[in-house]
Amino acid sequence: MGPQAEVDELFEVKNYFYIGNYQQCINEAAKLRKPSSPDIALQRDIFTYRSYIAQNKFLVVLDEIHGASLPEVQPLKMLAEYLHSKSNRQAVLDQLNLKIDTSAHNETLVLVAATIFIQEGNLDGAYRYVHSSESLEAMAFMINILLSLDRVDLALKKLKEMQEKDDDATLTQLAQAWVHTAMGGDKLQDAYYIYQELVDKYGSTPLLLNGQAVTFIGQGKYEEAESALQEALDRDSNNPEVLINLIALQRHLEKGPEISNRYLSQLKDAHPDHPFIKDLKQKEDDFQRISQLYSPSNPVCV
């Protein structure tokens with residue numbers, strides 16, 4: 001017999017984080033009381049803090065990370081500060097830019113910077129910085145950004161790099177589902193099967209259910225999409241991506257505008273700074289401005 005394969009102590013922790021089951025990630029991390037090395041302990045703490053941030057439990061992170069904490073953990077405090085307080089965001093951005101310019105490579109800083117840049121709508125900046133890393137998670141970030149820019153061709157190339165690095169990794173499987181969804185057509189069914197396989201392995205989460213719903217919408221299976229999104233909403237009633245897809249789905253279900261408006265109001269209340277809401281506000285302002293320009297009180301000469 002050959003040597004036994006090395007066991008990844010953080011396998012469950014990482015997988016639950018990547019599929020969006022943040023509480024289970026925290027629970028699994030708490031079970032790892034005697035990690036085999038300081039690096040494993042560090043990574044355990046990083047995924048724990050990231051899960052608290054994903055749950056909007058920012059004070060846990062702000063209270064526990066301090067000046068004496070390890071450099072690899074410090075960026076998570078910046079992310080928690082950025083998301084927790086709108087009034088402090090410019091200061092956090094200034095601090096982040098200083099860190100980027102002066103710090104040695106820090107994988108957590110790479111991911112935090114990309115997250116904040118995306119939130120700021122700076123996709124080019126996010127891509128340029130995350131491109132400095134060769135980790136699977138950085139590659140997944142790059143694919144996400146490329147798909148947002150409608151560069152499916154480049155996303156496919158990056159996906160092949162991920163597959164060459166680790167074809168079986170959960171992140172690689174998720175990235176493949178994203179790319180297949182963006183390609184549409186017959187690939188939508190392939191994307192659905194990837195999500196379903198992950199559900200069968202690790203249980204359903206809002207992230208996986210939302211992914212399945214998008215494949216259903218692309219195939220015109222609107223009732224199946226509604227069922228998946230409602231299940232996702234039962235698990236996370238304020239999940240922004242689920243709410244956005246429910247808003248988009250209503251025009252296909254022909255249930256009337258009041259349902260769609262209800263989801264939109266919920267999204268505005270829970271996530272006023274979400275890029276979807278910012279874009280919608282900009283379009284509303286543009287429409288109002290153009291309407292006033294062409295109103296009877298402001299005749300336009302032609």
Side-chain angles (χ1 to χ4, degrees), residues 10-33 41-66 69-70 72-89 92 96 107-120 137 140-141 144 170-171 174 195 198-199 202-213 228-246 263 266-277:
L10 295 171
F11 180 83
E12 297 292 339
V13 174
K14 291 186 289 188
N15 273 280
Y16 280 122
F17 179 82
Y18 293 140
I19 66 170
N21 191 341
Y22 303 115
Q23 188 56 53
Q24 192 60 37
C25 174
I26 293 169
N27 295 345
E28 291 295 327
K31 295 177 184 178
L32 193 58
R33 296 176 181 174
L42 172 63
Q43 293 301 317
R44 175 201 62 193
D45 293 343
I46 286 173
F47 278 101
T48 298
Y49 289 135
R50 291 178 70 187
S51 293
Y52 278 120
I53 290 173
Q55 292 179 321
N56 296 325
K57 297 176 180 178
F58 307 119
L59 291 180
V60 175
V61 179
L62 294 174
D63 287 345
E64 293 191 14
I65 298 178
H66 45 74
S69 299
L70 293 172
E72 292 83 358
V73 177
Q74 294 284 354
L76 294 174
K77 184 165 188 175
M78 283 194 294
L79 180 58
E81 288 173 341
Y82 175 87
L83 296 172
H84 180 60
S85 175
K86 288 194 295 184
S87 62
N88 195 38
R89 286 188 173 175
V92 174
L96 177 63
E107 186 66 24
T108 312
L109 180 60
V110 169
L111 301 177
V112 165
T115 301
I116 292 177
F117 286 154
I118 290 172
Q119 184 74 19
E120 288 288 308
E137 193 163 358
F141 256 103
N144 204 337
T170 297
L171 270 178
L174 285 171
Y195 287 122
L198 291 171
V199 167
Y202 306 113
S204 59
T205 66
L207 185 150
L208 298 177
L209 290 165
N210 187 65
Q212 287 185 323
L229 290 172
Q230 288 295 344
E231 183 180 347
L233 204 65
D234 288 342
R235 295 173 180 273
D236 183 356
S237 61
N238 285 323
N239 186 289
E241 309 310 319
V242 173
L243 290 170
I244 289 168
N245 283 321
L246 279 167
Y263 290 131
Q266 185 176 345
L267 181 64
K268 287 179 177 179
D269 184 49
H271 305 279
D273 296 317
H274 192 280
F276 179 90
I277 296 300

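- With rounding to the nearest 0.5 angstrom, the CD1 atom of Ile26 is 9.5 Å from the CG atom of Asn21.
- Pairs of residues two or more places apart, or lying in two chains, that qualify as salt bridge (charged side-chain N to carboxylate O under 4.0 Å, His left out) and include a residue from residues 230-239 are Glu231-Arg235.
- With contacts defined as side-chain heavy-atom distances shorter than 4.5 Å, the pair Leu207/Leu174 qualifies.
- With sequence neighbours excluded, no residue satisfies salt bridge (Lys or Arg N to Asp or Glu O under 4.0 Å) with Glu241.
- With sequence neighbours left out, His271 forms a side-chain hydrogen bond (donor to acceptor under 3.5 Å, both in side chains) with no residue at all.
- For the pair Glu28 (side chain) and Gln23 (backbone), a donor-acceptor distance under 3.5 Å is absent.
- Leu62 and Ala80 make their closest contact through CD2-CB, 3.8 Å (heavy atoms, listed as atom of the first residue, atom of the second, distance).
- At a threshold of 4.5 Å between non-hydrogen side-chain atoms, the residues Leu79 and Tyr49 do not count as touching.
- For Phe58, the ring-ring contact (aromatic ring centres under 6.0 Å, His included) test picks out His84, with sequence neighbours left out.
- Shown here for Arg33 and Ala30, the closest heavy-atom pair between the two residues is CG-O, 3.4 Å.
- Separating the CG atom in Leu229 from the CG atom in Leu243 is a distance of 9.5 Å, to the nearest 0.5 Å.
- By the side-chain hydrogen bond (donor to acceptor under 3.5 Å, both in side chains) test, Lys86 is found to be paired with no residue, residues two or more places apart in sequence or in another chain being considered.
- Applying the ring-ring contact (aromatic ring centres under 6.0 Å, His included) rule to Tyr82 yields no partners; only residues at least two apart in sequence or on another chain are considered.
- The structure places CG of Asn144 at 6.0 Å from CD1 of Ile118, a figure rounded to the nearest 0.5 Å.
- For Ala140, the side chain to side chain contact (heavy atoms under 4.5 Å, CB included) partners are Met162, Leu171, Trp178, not counting sequence neighbours.
- With contacts defined as side-chain heavy-atom distances shorter than 4.5 Å, the pair Leu76/Ile65 qualifies.
- For the atom pair CG of Leu267 and CG of Asn238, the computed distance is 9.0 Å after rounding to the nearest 0.5 Å.
- Here CD1 of Ile46 is found 8.0 Å from CZ of Arg50. Values are rounded to the nearest 0.5 Å.
- For Asp273, the salt bridge (Lys or Arg N to Asp or Glu O under 4.0 Å) test picks out Arg89, with sequence neighbours left out.
- Between Val242 and Ala232, the closest heavy-atom pair is CG2-CB, 3.7 Å.
- Contact annotation: the side chain of Ile53 never approaches that of Val60 to less than 4.5 Å [non-hydrogen atoms, C-beta and beyond].
- Scored by the side-chain hydrogen bond (donor to acceptor under 3.5 Å, both in side chains) test, Tyr263 finds Gln230 as partners (sequence neighbours excluded).
- Residues forming a side-chain hydrogen bond (donor to acceptor under 3.5 Å, both in side chains) with Ser237 (at least two apart in sequence, or on another chain): none.
- Side-chain contact between Thr205 and Gln24 is absent, with no heavy atoms from C-beta onward closer than 4.5 Å.
- Taking both residues in full, the closest heavy atoms of Thr48 and Ala29 are given as OG1-CB, 3.2 Å, listed atom of the first, atom of the second, then distance.
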Side-chain polar contacts of residues 12-19 - donor-acceptor pairs under 3.5 angstrom, sequence neighbours left out - could you list them?
residue : atom : partner : partner atom : Å
Lys14   : NZ   : Asp8    : OD2          : 2.9
Asn15   : OD1  : Thr170  : OG1          : 2.1
Asn15   : ND2  : Phe11   : O            : 2.9
Tyr18   : OH   : Glu137  : OE1          : 3.2

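- For residues 72-84, the set of pairs meeting the salt bridge (charged side-chain N to carboxylate O under 4.0 Å, His left out) definition, not counting sequence neighbours, is empty.
- Between Val73 and Thr108 the shortest side-chain heavy-atom distance does not fall below 4.5 Å.
- Distance CD1/Ile244 to CG/Asn210: 9.0 Å, rounded to 0.5 Å.
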